[in-house]
K.L.:
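The structure is given below, and queries will be raised subsequently.
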Amino acid sequence: MIDIEHLSLRNILSPSRKDLRILLLLEFLRGLSILGMAGAMANITDIVFLQAGTWKEAAPSLLVLLFSVCARSLPAYCTARICSRLSLAVQENMRQKLHHALLWSQTGEKRSGQLLSLALDSVQSIDDLFRIVLPHLISCIVLIPLFLAVTACTDIYTALLFLVTLPIAPFLLYLIGRVTKERNEAAWQELIKLNAGFHELLQGLATLKLFGRSRAMLSRLEAWSDASGGAVLRVLQLAFVSAFALELITTLSIALIAVSIGLRLLSGSLDFLSAFFALLVAPEFYLPIRQSGTAFHAGIKAKQSHEAWRAFLKDNTSAQGPESHARLQVPPSLHFRDVSFCYPEHAAPVLQGLTLDFPAGSTTVISGASGAGKSTLLKLAAGLHAPTQGEILLNELPMHRMKKDSLYRHLAYVPQTPHIFQATLRENLSMFHPITGEKLLEAVEQAGLKDWFLRLPKGLDTEMGRNGVSMSHGQIHRLGLARAILQEASLLLLDEITAGLDTEGEQVMLQTLEKLCYRRTVLLASHRPVVLEWAPRLIHLETGTSQGGPSA
């Protein structure tokens, strides 16, 4: 189960201790380079213009200035690279957790607008946290105390003015934040509505065209787009006002400091070198404060997007309970307990009130007319869909409580049309896992593909897929079976594995299956008479429910 309590924004934004130490060190070095630039510029001005010295006398200060300018850019570049790496890692982790919650959730189609916003906008907003908010926090933690301490050693009165004017910006941001929250929530809801409208347009485009109502749908989208744009504009207006207020406050603070320095310089209570140095440091001291507006609004937006993402995870994982790490008895038994399933786009359920038992080590053929739910039953057993009602158990363990990695180690599913990748036969068989050639050849032979394999021009290195060697429908099925053999799973789920084969091919396939069924639990969906006659156990499905039960 996903630990929701450890998905707070504070935990997500907190880098590792190693990264945090590096970021703090880089910002400290950047601060020293800024102080070096200010000190060098003040010293050069003092030597050349006030003491009428030569440029040769100012050469050491010029070298310090050149070094400081170069040194200032390098820490900023390294910080940006580290924050970008952290951002990508967190975004990937968030999307993985979102997909994990969606795997068992049946709300995807019903909440498509929200899901689009969660998967794209809310996760992408995390990038602003690392690109804007985290560097700003590091700057506030390092630069403000550093500049304050150095200025206090140079001119204590300027340092006191820094302290007096410093709390104004946080108080202003607190007042603005109370209004920003409401406007961001309104913008988020309008964005969800707009995303849902786009998704609905794409899904129902054919229907709208047939009824000549595509222009009407476009008008609705335009209205939603205008509403979303207006909501975003209101947030931007507030961001502009707050940025203007911060710029005004910092400008007035710098002006106040400049006037104080000028008056004391004229009175002779402050030397030029200290005065000019403090005056150069003042804009850098207030720079993190001036950037607080951008960072604040990025943080507010990301916080609300994150809360929506976190709430979705909580809603879709709370019913799952803790994941089990228990080892299964192999081969496992499979049990359907009052299972119903309805596709989101359909009104009538495909399966309803299905209660079935598949004993450990048994081989069962599931028959029924087209649309009776044979393929759906196998997909439920494979964990590709979650039941709308009821539960599925492996032995006595509910499937939805199992760790996905553990579950997929125990089962292999061969659909009606296995996908052939544009890759070599070796990669198509191994599914891009490192498997020895002997095992691959053994699986090819067991799946009845030996004669076909011997005719391939490059053996296991033959290119398959759209631009490679073509395969018949029956050969594609056998390749899917070879994949299942290589997986060495104890639960085999086979959907119309003999489709496209002639009578002789079916007999060969059934002989192969008899060997594979040893110490495995096998479910095979088929309507072919030869397969039904061969079936050790047979379950017949009627549309919407199970009828007849198992028979030997």
K.L.:
Which atoms form the tightest heavy-atom contact between Leu23 and Cys83, and what is the distance?
P.N.:
CD2-SG, 4.4 Å

K.L.:
Quick one: does Ser139's side chain have a donor or acceptor within less than 3.5 Å of a partner on Pro135's backbone?
P.N.:
yes

K.L.:
Are any side-chain N or O atoms of Asn428 and backbone N or O atoms of Phe421, one a donor and one an acceptor, separated by less than 3.5 Å?
P.N.:
yes

K.L.:
Tell me if a side-chain donor or acceptor on His410 pairs with a main-chain N or O of Ala489 at a distance below 3.5 Å.
P.N.:
no

K.L.:
Apply side-chain contact (heavy atoms from CB on, under 4.5 Å) to residues Glu488 and Lys439 and explain how you reach the verdict.
P.N.:
CA-CA 11 Å; Glu488 299 180 350; Lys439 282 191 175 183; 4.2 Å; yes

K.L.:
Please report the shortest heavy-atom distance between Leu29 and Pro75, naming the atom on each side.
P.N.:
CB-CG, 4.3 Å

K.L.:
What distance separates Leu129 CG from Leu86 CG, expressed to the nearest 0.5 Å?
P.N.:
12.0 Å

K.L.:
Minimum heavy-atom separation for Met464 and Ile420, please, with both atom names.
P.N.:
CB-CG2, 3.9 Å

K.L.:
Please examine the side chains of Phe276 and Asp46, heavy atoms only from C-beta on, and report whether any two atoms are closer than 4.5 Å.
P.N.:
no

K.L.:
Compare every heavy atom of Leu265 with every heavy atom of Ala275, then report the nearest pair and how far apart it is.
P.N.:
CB-CD1, 4.1 Å

K.L.:
For the pair Thr250 (side chain) and Glu247 (backbone), establish whether a donor and an acceptor sit closer than 3.5 Å, ignoring hydrogens and angles.
P.N.:
yes

K.L.:
Mind checking the CD-CD spacing from Glu427 to Glu463? Nearest 0.5 Å is all I need.
P.N.:
7.5 Å

K.L.:
Please lay out, stage by stage, how Phe277 and Met41 fare under the test side-chain contact (heavy atoms from CB on, under 4.5 Å).
P.N.:
CA-CA 8 Å; Phe277 176 78; Met41 291 177 66; over 6 Å; no

K.L.:
For Thr424 versus Asp461, what's the shortest heavy-atom pair and its separation?
P.N.:
CG2-O, 3.8 Å

K.L.:
For Leu273, which of Ile47, Thr154, Asn43, Leu50 qualifies under side chain to side chain contact (heavy atoms under 4.5 Å, CB included)?
P.N.:
Asn43

K.L.:
Run the side-chain contact (heavy atoms from CB on, under 4.5 Å) test on Thr436 and Leu440 for me, step by step, so that the C-alpha distance in whole Å, both residues' side-chain angles and the decisive distance to 0.1 Å come before the verdict.
P.N.:
CA-CA 7 Å; Thr436 62; Leu440 294 175; over 6 Å; no

K.L.:
Just wondering, do Ile435 and Arg426 contact through their side chains at under 4.5 Å, heavy atoms?
P.N.:
no

K.L.:
Can you check whether Leu411's main-chain N or O pairs, donor with acceptor, with Gln487's side chain at less than 3.5 Å?
P.N.:
yes

K.L.:
Could you tell me whether the side chains of Asp155 and Ser274 share a donor-acceptor contact shorter than 3.5 Å?
P.N.:
no

K.L.:
Does the pair Leu425 and Leu479 meet the rule for a side-chain contact (heavy atoms from CB on, under 4.5 Å), with working shown?
P.N.:
CA-CA 9 Å; Leu425 176 60; Leu479 189 143; 3.7 Å; yes

K.L.:
Nearest 0.5 Å please: distance from the CZ atom of Phe130 over to the CD atom of Gln91.
P.N.:
8.5 Å

K.L.:
Taking atom CG of Leu166 and atom CD1 of Ile144, what is their separation to the nearest 0.5 Å?
P.N.:
5.5 Å

K.L.:
Are Leu429 and Leu486 close enough that some pair of their side-chain heavy atoms sits under 4.5 Å apart?
P.N.:
yes

K.L.:
Decide yes or no on salt bridge (charged side-chain N to carboxylate O under 4.0 Å, His left out) for Arg72 and Glu284, but give the supporting numbers first.
P.N.:
CA-CA 13 Å; Arg72 180 176 181 174; Glu284 298 294 341; 3.4 Å; yes

K.L.:
Any chance you could measure Ile22, atom CD1, to Ile138, atom CD1, to the nearest 0.5 Å?
P.N.:
11.5 Å

K.L.:
Do the side chains of Asp127 and Leu88 get nearer than 4.5 Å, heavy atoms only?
P.N.:
no

K.L.:
For the CZ atom on Phe67, are there more than 12 heavy atoms of other groups (residues, nucleotides or ligands in this structure) within a distance under 6.0 Å?
P.N.:
no

K.L.:
Using distance alone, with no hydrogens and no angle criterion, decide if Thr79 and Glu27 have a side-chain donor and acceptor under 3.5 Å apart.
P.N.:
no

K.L.:
For the residue pair Val48 and Thr54, establish whether any side-chain heavy-atom pair is separated by less than 4.5 Å.
P.N.:
no

K.L.:
Test your reading of the model: is there a side-chain donor-acceptor pair from Ser269 to the backbone of Arg264, 3.5 Å cut-off?
P.N.:
yes

K.L.:
With side chains defined as the heavy atoms from C-beta onward, is the minimum distance between Ile254 and Pro283 less than 4.5 Å?
P.N.:
yes

K.L.:
Answer with yes or no whether the side chains of Tyr286 and Thr251 bring together a donor and an acceptor at under 3.5 Å.
P.N.:
no

K.L.:
Flag the pair Arg21 / Leu24 as yes when at least one side-chain heavy-atom distance between them is below 4.5 Å, and no otherwise.
P.N.:
no

K.L.:
Quick one: does Phe162's side chain get under 4.5 Å of Thr158's, heavy atoms only?
P.N.:
yes

K.L.:
Main chain of Leu161, side chain of Thr165: is a donor-acceptor contact present, judged purely on distance under 3.5 Å?
P.N.:
yes

K.L.:
When rounded to the nearest 0.5 angstrom, what is the spacing between OG in Ser33 and CG in Leu74?
P.N.:
9.5 Å

K.L.:
Might you point out which heavy atoms bring Ala484 and Val414 nearest each other, and give the distance in Å?
P.N.:
CB-CG2, 3.9 Å

K.L.:
Tell me whether the rings of Phe49 and Trp55 are parallel (<30°), tilted (30 to 60°) or perpendicular (>60°).
P.N.:
perpendicular

